[in-house]
Amino acid sequence: MLEALAQLETSGLAELGSAADAAALEQWRIAYLGASGKVKAALGGLKDVPKDQKPAVGARANEVRTKLEEAFKVRQSALGGNGAAAASGPMIDVTEPGLLHATGLGREHIITRVRNELVEVFARMGFGVAQGPELEDDDHNFIKLNIPAEHPAREPIDNFYIDDPADKSQGPPRMLRSQTSTVQIRVMETQKPPIKIVAPGRVYRPDEVDATHSFMFHQIEGLYIDRGVSMADLKSTLLHFARGYFGPDAEIRLRPSYFPFTEPSAEFDMKIALRPDQPPRWIELGGCGMVDPAVLEMCKIDPEEWSGFAFGFGIERLAMGKYGIPDIRMLFANDLRFLRQL
Ligand code: DAH
């Protein structure tokens, strides 16, 4: 047995010395140190050794095993680390693109795309882009938009309040904004006229979800403040936008309406086909009007010198009109079969 162990040690070290690459090294490891390798077999032979020789033979067997294991590690690092492929595998250029075509490239969500298209159409008319927070306060969502304390639009049932609006001890309640009109206020508070911006973003309302309603959706707000801005400017801007986005045949219509922050106010409709197989029909897109002088004053803009218009409409509605999408829920279900078609 002792002789067999000496033999194992010598042949093992010799063969290890001639293992020239990672593949040969791995073969050696399997042959000697593997689960059914020679070292394991030698240790298994211990049970047949006479009892009085067992301690000596056992110690020698362990010594051989340790030597071979250590020699293996030395050889492994000499051949280039412990990665089997590192020494002999194919060269990999990590700067090459991966196999993207195999998994498919992603793309922008349809809402993101429509938002960018809208911003682009307005940019061509000279509008910049503004943003505001989705977690808003009473001041920007209501007060400075001329929506007073007891106004029904502030009902808790119609808004996602973060603080309890009935608890006056914490100051004005915070909420998820219910309209992007908040951004008008933020811009007017911080910039001097002339101002010409659009503000796309998410808004939140606890509406019952159905084919045309969602508790979260997107609006794009517009604001133009300058000297001598009139309702005619508003209408021509909206028409220009409609034609820029939907093509030269697009039609728009303004219907008298009411919003606390504009005077006069109007509802803004566009004639579009909701489905390719249907004739175009009038779709209500949002509201607009001349910015109420009281709003200008609250933002420290002199209404004697400056006037302006504002508008706000739903991006989902527009996307549904442009792409013939019949149900708003399709936009948020993230069903790839749907998203891939757009
Ligand atoms: N904020 C209004 C809404 O969510 C839409 C709107 C109406 C925006 C009139 C405006 C406006 O800027 O002038 O229903």
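We use all heavy atoms of the structure for the numbers below, so side chains are in, but hydrogens, waters and symmetry mates are not. In listed order, ligands and their atoms are each counted from 1.
Below 3.5 Å of separation, one finds no N or O of Gly222 facing any N or O of ligand 1. Of the polar atoms of Phe259, none of the N or O atoms is found under 3.5 Å from an N or O of ligand 1, judged by distance alone. Residue Ser178 places no N or O, backbone or side chain, under 3.5 Å from any N or O of ligand 1.
Between Glu70 and Lys73, none of the side-chain N atoms (NZ, or NE/NH1/NH2) sits under 4.0 Å from a carboxylate O, so this pair counts as no salt bridge. A salt bridge is defined here as a Lys NZ or Arg NE, NH1 or NH2 lying under 4.0 Å from an Asp or Glu carboxylate O, and Arg113 with Glu108 fails to meet this definition.
Within 6.0 Å of atom CG in Leu336, more than 12 heavy atoms from other residues, nucleotides or ligands are found, so the atom counts as buried in its surroundings.
Residue Cys288 places a heavy atom less than 4.0 Å from ligand 1. At least one heavy atom of Arg205 sits closer than 4.0 Å to an atom of ligand 1. Heavy atoms of Phe309 stay at 4.0 angstrom or farther from ligand 1.
A donor-acceptor pair shorter than 3.5 Å cannot be found between the side chains of Ser178 and Asp158. If you check the side chains of Gln179 and Gln219, you find no donor sitting under 3.5 Å from an acceptor.
Under the ring pair (Phe, Tyr, Trp, His ring centres under 6.0 Å) rule, Phe311 has a single partner from Tyr224, Phe122, Phe268, which is Phe122.
Checking side-chain atoms of Asn159 against main-chain N and O of Tyr161 turns up no donor-acceptor pair under 3.5 Å.
Distances below 4.0 Å separate heavy atoms of Gly312 from the following atoms of ligand 1: 5 (C), 8 (C), 10 (C), 12 (O).
Nearest protein neighbour of atom 1 (N) of ligand 1, counting heavy atoms only, is Gln179 OE1, 2.7 Å.
Contacts of Phe261 with ligand 1, taken as heavy-atom pairs under 4.0 Å, involve the side chain alone.
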